[in-house]
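We count residues from 1, following the sequence as given.
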Amino acid sequence: MTTIRTRFAPSPTGYIHVGNVRAALFPWLLTRQQGGQFILRIEDTDRARFVPGAEDLILDTLEWLGLEWDEGPRRGGEHGPYHQSERLDIYRQWAQKLIDKGLAYADPYTPEEVQGFREEARAYKKTFLYRDYRPENPPAWDGKQPLRFKVTNPKRYTWHDPVMGELSAGPEALDDFILIKADGYPTYNFAHIVDDTEMGVTHVIRGLEYISSIPRYLSLYEALDIAPPVLVCLPHIIAPDGKKKLGKRDGAKSVTDYRTDGILPEAMLNFLASMGWNDGTEQEIFSREELIEKFSLERVQRSGARFDEKRLLWLNGQWIRRLSLDDLYERAANYWSKSAGSSTGAYKKQVLALVQDRLKTLAELPLMSRYFFEEPAVDLELISGSKQLRKLDSGEQRELLQIARGALAELDAWTPELIQQCLNSLLEKTGQKPGTLFSLIRIATTWAPFSPQLNETLALLGKETTLARLALAISAIKG
């Protein structure tokens, strides 16, 4: 049995978004399931688009997600270097093999001349193919001109994609493409084939945008006498409007931004894996271990998967609920409001235990908990904006709060159980529904749009604070 080796080969040209990460996740899952190796390679040959710091951002994101790699930057390995910019001599050696076979030639044309060829083909209503304008006597390649691959046997290629099925393309898909640019750097079309071969990659898993280029890759594999790896194309992640591939303009923001926003790595992996893949059941929550156990390329769907950020938030909330209180406390360390800084860890954990079931992201923690640490500002619009409470005039609101304050003040012990009994008796006394009375008390004591269970919230706030805030609300509501 051949050991499966896959790779993720990002370009350090900016931030890493969800589409990039899914392109890493699927090959990572395959190797972890099959006991193979996962390689990280940096494709940094596009010097015009190189962004300083982008590589570290990519590596940090993969480490945060737990997508550890077996070979590559920060790890090393016997197939390095793992930066394409450090492999230029290797590409020249492979290019020389093609030159020696008469399968590569120096391109003597200027961009203006090539554009003229395109216009000529258009005038004759023909598809432009560079091989139709191939120079008869190209100069010897000296490294200062582009080096092109020479297609000598245009034919139909067929191949099997584990996701997309049986595919084929005719001679019209083949053309003389650039192998090495005039600046000495290889093109993706050439470099990735050399790298994958030298690094023993058995499965190349990438986005659907590469599918039209595969016939050219197959012709180059053939010219180099290389058996192609398994070639897999993943369906696109579709923008929320369902009309096109997700791009940065459509919400494909940096995974780092999601991390800053309080998305858990478990939720992000769960979300990305289930975009375009399922295990054939109704299960929605998958741990990393379950994904490794159940993943298969055959169950990746052929159609695009729509990006749904609401589902990501839902999944994140589910994962937050699954964390132990101690684990959640550690992860939430940088998300507390400034006013929580002087509070004890024990008190913070009590607050966290109350709000855990309502958090969708860690970044919501300040909004959900600030009133436990500081006096909230009175915001009467929270009352006027409530469908239930706007039915009451200000006098009725004041009266209900006065009755509630009086009843709560008489409690001998301030426990969640006794507070709930008191609240229930207030419903009978006032004839109000919980949605009205409890909402009014909750707003008057927190001035927040939402809060945890009312009795537990009041218990943690303490009797003195609760009564003081009710008194303040009564005076703020004009009778």
Minimal non-hydrogen separation, T436 against L389, with atom names: O-CD2, 3.3 Å
Atom of A267, atom of L312 and distance for their closest heavy-atom approach: O-CD1, 4.1 Å
SB check E43 R206 (cutoff 4.0 Å): no
Distance-minimising heavy-atom pair for R398 and I474: NH1-O, 2.5 Å
Any side-chain heavy-atom pair of I263 and L313 under 4.5 Å: yes
Donor-acceptor side-chain pairing of Q283 and K294 below 3.5 angstrom: yes
Backbone N/O of L460 and side chain of Q350: donor-acceptor pair under 3.5 Å: no
What side-chain donor-acceptor pairs closer than 3.5 Å can you find for residues 408-419, not counting sequence neighbours?
{"residue": "W414", "atom": "NE1", "partner": "L458", "partner atom": "O", "Å": "2.9"}
{"residue": "T415", "atom": "OG1", "partner": "L418", "partner atom": "N", "Å": "3.2"}

Minimum side-chain heavy-atom gap E396-Q432 below 4.5 Å: no
Residue pairs involving residues 366-412 (criterion ring-ring contact (aromatic ring centres under 6.0 Å, His included); sequence neighbours excluded): W336-F373, Y347-F373
Atom of A444, atom of A473 and distance for their closest heavy-atom approach: CB-CB, 3.6 Å
Backbone N/O of S287 and side chain of E290: donor-acceptor pair under 3.5 Å: yes
Residue pair I42 / P73, side-chain heavy-atom distance below 4.5 Å: yes
Parallel, tilted or perpendicular: rings of Y217 and H192 (30°, 60°): perpendicular
Working for side chain to side chain contact (heavy atoms under 4.5 Å, CB included), residues L40 and R75: CA-CA 9 Å; L40 178 61; R75 302 284 192 280; over 6 Å; no
Passing option when L25 is tested against L65, L269, L30 for side-chain contact (heavy atoms from CB on, under 4.5 Å): L269
Crowding at CD, E298 (>12 non-hydrogen neighbours, <6.0 Å): yes
Nearest-0.5 Å distance that lies between atom CD in E71 and atom OH in Y82: 3.5 Å
Short side-chain to backbone donor-acceptor contact, H17 and G19, under 3.5 Å: yes
L423 and I441: CA distance, side-chain angles, deciding distance, side chain to side chain contact (heavy atoms under 4.5 Å, CB included) verdict: CA-CA 10 Å; L423 292 173; I441 297 172; 3.9 Å; yes
Heavy-atom pair with the smallest gap, counting every atom of T445 and L461: O-CD1, 3.9 Å
Listed once per pair and sorted, the side-chain hydrogen bond (donor to acceptor under 3.5 Å, both in side chains) pairs that draw on residues 449-469, sequence neighbours left out: E375-R469
Separation between CG of N278 and CD of Q301, rounded to the nearest 0.5 Å: 7.5 Å
Residue pairs passing the salt bridge (Lys or Arg N to Asp or Glu O under 4.0 Å) test where at least one lies in residues 345-367, sequence neighbours excluded: D326-K349
Value rounded to 0.5 Å, distance of CG in L470 from CD1 in I403: 12.5 Å
Residues E63, R259; criterion salt bridge (charged side-chain N to carboxylate O under 4.0 Å, His left out); working and verdict: CA-CA 12 Å; E63 289 180 341; R259 180 181 182 179; over 6 Å; no
Criterion ring-ring contact (aromatic ring centres under 6.0 Å, His included) on F26 and F295, from CA distance to verdict: CA-CA 8 Å; F26 282 17; F295 180 77; 5.1 Å; yes
Gap separating the CD atom of E209 from the NZ atom of K245, nearest 0.5 angstrom: 3.5 Å
Min side-chain heavy-atom separation T31-Q37 under 4.5 Å: no
Validation row: N20, P10 side chains within 4.5 angstrom (heavy atoms): no
Any Y258 side-chain heavy atom under 4.5 Å of T361 side chain: no
Step-by-step side chain to side chain contact (heavy atoms under 4.5 Å, CB included) determination, K181 to T187: CA-CA 7 Å; K181 296 172 289 186; T187 60; 3.9 Å; yes
Heavy-atom side-chain proximity of P186 to V194 below 4.5 angstrom: no
Flag for D195-Y91: side-chain donor and acceptor within less than 3.5 Å: yes
R74, CZ: over 12 other non-hydrogen atoms inside 6.0 angstrom: yes
Value rounded to 0.5 Å, distance of CD in Q356 from CG in L328: 5.0 Å
Main-chain N/O of I383 paired to S386 side chain as donor or acceptor, under 3.5 Å: no
From L231 atom CG to D161 atom CG, the distance as rounded to the nearest 0.5 Å: 7.5 Å
Test item: R302 side-chain N/O and V163 main-chain N/O as donor-acceptor pair under 3.5 Å: yes
Side chain proximity check, L218 to I214, heavy atoms < 4.5 angstrom: yes
Crowding at CD, E399 (>12 non-hydrogen neighbours, <6.0 Å): no
Considering all heavy atoms, the nearest I320-L359 contact: CD1-O, 3.9 Å
Contacts of Y210 that satisfy ring pair (Phe, Tyr, Trp, His ring centres under 6.0 Å) - sequence neighbours left out: Y188
All pairs passing salt bridge (Lys or Arg N to Asp or Glu O under 4.0 Å) where residues 310-319 contributes a residue, at least two apart: E284-R311
N316 (side chain) donor-acceptor with L264 (main chain) under 3.5 angstrom: yes
Pair N424, E428: side-chain N/O donor-acceptor within cut-off below 3.5 Å: no
Flag, side chain of W159 to backbone of L167, donor-acceptor distance under 3.5 Å: no
N/O donor-acceptor pair under 3.5 Å between R288 side chain and L67 backbone: no
Donor-acceptor pair, side chain of R370 and main chain of P376, under 3.5 angstrom: no
Test log, rule salt bridge (charged side-chain N to carboxylate O under 4.0 Å, His left out), inputs R41 and D196: CA-CA 10 Å; R41 185 174 71 230; D196 289 341; 2.9 Å; yes
Verdict with reasoning, D44 to E55, per side chain to side chain contact (heavy atoms under 4.5 Å, CB included): CA-CA 9 Å; D44 58 349; E55 179 182 330; 5.6 Å; no
Main-chain N/O of W277 paired with R299 side-chain donor or acceptor, under 3.5 Å: no
